[in-house]
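Reckoned from all heavy atoms, side chains included, excluding hydrogens, waters and symmetry mates. Quick note on labels: first sequence line is chain A, next is B, and so on, each numbered from 1. Everything numeric here is computed off the predicted structure, so don't read it as measured data.
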Amino acid sequence: MAYKIIEKRQLVPDVHLMNIEAPDVAAAAKPGQFIILRIDEEGERIPLTIADYDVDKGFVTIIFQEMGKTTKQLAKMASGDELQDFVGPLGKASEIEKIGTVVLVGGGVGIAPIYPQAKAYREIGNKVISIIGARSENLLILEDEMKAASDEVLVATDDGSKGHHGFVTDLVKELLDGDEKIDRVVAIGPPIMMRAVAGVTDPYDVETIVSLNPIMVDGTGMCGGCRVNIGGETKFACVDGPEFNAKDVDFNLLMSRLSLYRKEEMDALEGSKKGCGDECKCQ
Amino acid sequence: MSITQEMPEQPAEVRIHNFEEVALGYTEEQAILEAERCLECKKPKCVEGCPVNIDIPGFISSMKEGNFGEAIDVIKRTNTLPAVCGRVCPQEEQCEQLCILGKKSEPISIGRLERFCADREREAGVKDPVVAEPTGKKVAIVGTGPAGLTAASDLAKAGHSVTMFEALHEAGGVLIYGIPEFRLPKAIVKEEVEYIMKLGAELKVGYVIGRIKTLDQLEKEFDAVFLGTGAGLPKFMGIEGENLNGVYSANEFLTRVNLMKAYRFPEYDTPIKRGSNVIVVGGGNVAMDAARSALRLGADEVSIVYRRSDEELPARREEIEHAKEEGIVFRLLTNPVRILEGENMAVNGVECIKMELGEPDDSGRRRPVAVEGSEHVIDADIVIMAIGTSPNPIIFDGSKGLEVTPWGTIVVNEAGMTSLEGVCAGGDAVTGAATVISAMGAGKQAAETINDYLSK
Ligand SMILES: Cc1cc2nc3c(=O)[nH]c(=O)nc-3n(C[C@H](O)[C@H](O)[C@H](O)COP(=O)(O)OP(=O)(O)OC[C@H]3O[C@@H](n4cnc5c(N)ncnc54)[C@H](O)[C@@H]3O)c2cc1C
Ligand SMILES: Cc1cc2nc3c(=O)[nH]c(=O)nc-3n(C[C@H](O)[C@H](O)[C@H](O)COP(=O)(O)OP(=O)(O)OC[C@H]3O[C@@H](n4cnc5c(N)ncnc54)[C@H](O)[C@@H]3O)c2cc1C
Ligand code: SF4
Ligand code: FES
């Protein structure tokens with residue numbers, strides 16, 4: 001089977017959006033779920049969150065950051081090209097109920113997965129306050145979309161080039177210290193950021209949900225490679241998650257397991273720089 | 001005349017450096033010599049030992065005359081995957097165990113003869129299959145392991161419109177993702193799948209039932225459904241250190257190696273940790289496959305850690321022998337109690353305890369008991385857990401009324417029908433981890449049941 005890229009756009013340096021033609025996946029997709037794609041026969045299976053989907057037009061939107069071999073190769077592809085595999089939707093859908101006021105925190109490409117949640121929470125009558133952050137203004141994605149999907153959007157940049165000068169956690173703390181009752185916090189981004197948000201919300205006793213991104217292979221509960229420690233129990237992020245209650249998550253384990261293939265990943269990247277001829281698409 | 005023909009093999013010191021097939025197959029002369037030993041018994045015991053009742057003396061008789069085309073036709077009447085079965089079936093416990101000749105000397109090497117016929121046919125080009133008139137009925141097959149492939153093939157031959165759904169990106173189940181290339185070349189599995197496609201079946205890969213479509217939806221869209229989803233959920237021991245970097249489930253390790261071709265990294269993009277000291281926990285075929293794969297990836301030492309003795313090792317004898325020849329260390333009557341942590345949350349060793357065998361337990365095997373004070377540490381940088389699997393529950397998401405046991409296996413009646421009308425199941429999803437041929441037997445049974453059901 002082949003899955004056509006019907007649109008591709010660079011959002012900010014190193015971050016790209018793609019709409020992939022996959023009507024069956026689009027029809028079943030829900031916020032919080034992800035897909036696993038493989039570019040070609042030799043390719044690795046990589047998981048990416050479903051950032052949006054259009055059931056009528058039959059496509060799924062992914063937003064990805066160039067990290068290593070596969071995401072860099074993907075970034076070189078153009079609309080009209082085809083992916084070999086596009087499996088999904090995988091993982092449990094987010095539990096989106098009417099609970100009152102929800103704070104959605106997105107860091108870096110983590111803004112992509114909170115976007116469909118913002119829409120879904122708002123649609124059923126929650127008040128949605130979104131906090132989005134990036135290192136710098138020129139790396140901030142989906143600001144307009146988030147504004148359209150939220151009641152309020154707060155921006156933080158590490159270098160102060162836009163919005164609050166500092167981390168998203170500062171803004172989370174300000175909100176929790178404010179007058180408004182916050183019923184839930186959902187934070188998605190790099191593990192370090194999610195751990196920091198969990199640390200901030202902990203004393204406030206507000207339910208905090210994070211989306212974990214361990215290394216995966218099959219995404220169906222078969223390999224056990226995505227195991228995470230949740231409240232002392234081993235869970236498989238691909239089927240039991242990817243969303244979990246932040247207070248139960250062993251972030252140190254998550255981060256250490258993410259570094260497992262660092263050397264091999266570097267080798268793959270090096271290898272692809274050296275070995276390919278002129279027709280190579282990965283550079 | 002009375003002793004069996006030896007199977008030509010790659011020498012151990014060569015094969016531990018490659019992933020090519022270990023057993024090379026009989027030559028034509030050997031195949032005929034071996035076939036000639038068969039007594040063509042009037043009441044052939046061997047057939048009773050075959051879960052799909054291949055007419056064994058029948059196909060061997062054709063072989064004696066060098067009529068290999070006829071031989072394969074006989075086999076294929078009851079077995080759709082002979083090249084697979086000829087390689088991985090536990091023949092020594094099935095047909096060959098009951099062979100009359102085994103009483104006096106050595107049994108006929110039925111499996112090797114089956115393999116020979118299948119390989120011969122493949123080299124010559126497989127004949128186009130005969131398919132019945134279309135019935136207009138639609139059947140969904142979920143999972144494309146040996147159970148699903150067999151059911152699909154029989155149902156397609158019967159003229160039904162068959163669609164196979166597979167969660168992974170290739171069909172074949174364990175045959176593709178679990179059993180390594182050096183025991184079962186993937187090209188063979190692919191050809192078997194292509195054969196089923198030639199029968200008119202459709203294949204949708206990367207299609208996870210329970211997620212993209214629920215079982216309920218399939219029941220509405222199809223006239224009948226077969227569930228052959230296997231037992232793919234890995235078990236862990238629950239010991240300290242099991243989540244450290246370098247601890248793999250056998251499924252992950254083997255999937256990276258086989259399905260993702262990590263042994264050809266970086267030509268293929270999927271990485272795998274190549275350890276120097278590898279410990280594999282368990283004693284079945286899965287453990288042997290993991291250990292021998294790790295060795296081929298370049299480990300200095302690979303050990304099997306198993307809590308019972310050599311006699312109880314559940315793996316096929318042939319594979320145990322192969323592993324020993326290759327230099328896999330067997331640490332028997334040994335059980336891991338803790339995985340030790342080194343730098344960066346990586347594995348640094350395994351603390352094990354010695355075991356002795358006590359009274360028989362429920363399974364009839366003598367129960368291993370820990371010897372107090374016998375704790376010792378084995379160096380390791382990779383630990384592979386090969387202690388079993390259970391059915392993958394993802395299929396149950398969004399299905400109402402499918403009865404399952406407390407162990408997560410699907411409940412079926414003797415015809416293979418589940419608690420849902422028109423939904424059959426078979427293979428490891430029903431029995432728990434078992435064998436290729438038992439999965440195929442279940443697939444056949446289910447196809448018959450579905451045929452009956454659809455003709456009502
Ligand atoms: C459920 C889930 C959803 C995700 N959603 C997104 C998303 O929407 N956008 C996005 O940009 N990224 C997302 N990721 C991360 C993305 O999968 C990795 O960035 C990608 O696999 C890196 O592949 P690579 O070959 O380019 O880089 P590599 O060179 O292979 O790796 C670079 C780094 O990426 C991480 N990584 C590698 N392989 C995986 C893997 N299979 N799964 C997770 N992390 C891995 C490791 O930390 C590694 O150090 C998600 C991960 C998960 C598990
Ligand atoms: C490493 C290893 C070595 C083995 N060696 C031997 C041997 O030498 N001899 C022997 O006889 N047996 C051996 N076995 C056992 C044998 O392979 C299995 O008993 C047999 O494959 C079971 O067949 P099955 O069709 O029931 O399931 P599987 O082969 O497990 O196939 C199930 C398929 O269903 C798919 N699936 C699961 N859920 C879904 C879903 N929801 N939607 C879509 N698809 C789904 C899976 O991806 C998989 O492809 C071995 C097993 C392993 C793991
Ligand atoms: S039991 Fe042995 S000798 Fe007799 S028919 Fe079967 S294979 Fe031949
Ligand atoms: S990715 Fe294999 S079990 Fe989760």
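In terms of heavy-atom pairs under 4.5 Å with chain B, the best-connected choice from A/Val239, A/Val228, A/Thr70 is A/Val239. The candidate with the highest count of non-hydrogen atom pairs below 4.5 Å against chain A, out of B/Asp269, B/Asn251, B/Asn392, is B/Asp269. Ranked by non-hydrogen atom pairs under 4.5 Å with chain A, the options B/Gly230, B/Gly232, B/Pro271 are led by B/Pro271. In terms of non-hydrogen atom pairs under 4.5 Å with chain A, the most contact-rich of B/Leu244, B/Thr389, B/Thr270 is B/Thr270.
B/Lys261 does not touch chain A: none of its heavy atoms, backbone or side chain, sits under 4.5 Å away. The contact between A/Arg227 and chain B is made entirely by side chain atoms (from C-beta outward), counting heavy-atom distances below 4.5 Å. Both the backbone and the side chain of B/Ile212 have a heavy atom closer than 4.5 Å to some heavy atom of chain A. Heavy-atom distances place the side chain of B/Arg256, and not its backbone, under 4.5 Å from chain A. For B/Phe253, no part lies near chain A; criterion is any non-hydrogen pair under 4.5 Å. Interface remark: A/Glu41 contributes backbone and side-chain atoms alike to the contact with chain B (heavy atom separation under 4.5 Å). Proximity to chain A (any heavy atom under 4.5 Å) is restricted, for B/Glu170, to the side chain, taken from C-beta onward. Contact of B/Ile272 with chain A is made through the backbone alone, with heavy-atom distances under 4.5 Å. For a residue to count as touching a neighbouring chain, one of its non-hydrogen atoms must lie under 4.5 Å from one of that chain's; by this rule B/Asn243 touches chain A with backbone and side chain alike.
A salt bridge links A/Arg38 with A/Asp85: the distance from a Lys NZ or Arg NE/NH1/NH2 to an Asp or Glu carboxylate oxygen falls below 4.0 Å. With salt bridges taken as basic N to acidic carboxylate O contacts below 4.0 Å, one links A/Lys235 and A/Glu233.
The cationic group of B/Lys204 does not satisfy the cation-pi geometry with B/Phe165, failing either the under 6.0 Å distance to the six-membered ring centre or the 45° limit from the ring axis.
Among residues 215-226 of chain A, the residues having any heavy atom closer than 4.5 Å to a heavy atom of chain B are, in sequence order, A/Ile215, A/Val217, A/Asp218, A/Thr220, A/Gly221, A/Met222, A/Cys223, A/Gly224, A/Gly225. Contacts of residues 43-61 of chain A with chain B at a heavy-atom distance below 4.5 Å involve A/Gly43, A/Glu44, A/Arg45, listed in sequence order.
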Please test A/Thr71 against A/Glu66 for side chain to side chain donor-acceptor pair (under 3.5 Å), starting from the C-alpha separation and ending with a verdict. CA-CA 5 Å; A/Thr71 44; A/Glu66 293 184 43; over 6 Å; no

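With a 6.0 Å radius and a threshold of 12 heavy atoms from other residues, nucleotides or ligands, A/Lys8 has its NZ atom above the threshold. Annotation: B/Glu267, atom CD; neighbour count of heavy atoms from other residues, nucleotides and ligands within 6.0 Å is above 12. In the displayed structure, B/Glu343 atom CD is contacted under 6.0 Å by at most 12 heavy atoms of other residues, nucleotides or ligands. For A/Glu95, the CD atom counts as loosely surrounded, since its 6.0 Å shell holds 12 or fewer non-hydrogen atoms of other residues, nucleotides or ligands.
Judged purely by atom type and a 3.5 angstrom limit, B/Glu221 has no side-chain atom pairing as donor or acceptor with the backbone of B/Leu218. For the pair A/Asp240 (side chain) and A/Phe236 (backbone), a donor-acceptor distance under 3.5 Å is present. A donor-acceptor pair is defined here as one N or O able to donate and one able to accept, closer than 3.5 Å; no such pair exists between the side chain of A/Gln33 and the backbone of A/Ala29. Side chain of A/Asp81 to main chain of A/Met77: no donor-acceptor pair is present (N/O by atom type, distance under 3.5 Å, no hydrogens or angles). A donor-acceptor contact shorter than 3.5 Å links the side chain of B/Tyr248 to the backbone of B/Lys273. A distance-only check finds no donor-acceptor pair linking the side chain of B/Asn344 to the backbone of B/Ala346 [under 3.5 Å]. Side chain of B/Thr255 to backbone of B/Leu259: no donor-acceptor contact under 3.5 angstrom is found.
Just one of B/Val286, B/Leu184, B/Asn258 meets the side-chain contact (heavy atoms from CB on, under 4.5 Å) condition when paired with B/Ile179; it is B/Leu184.
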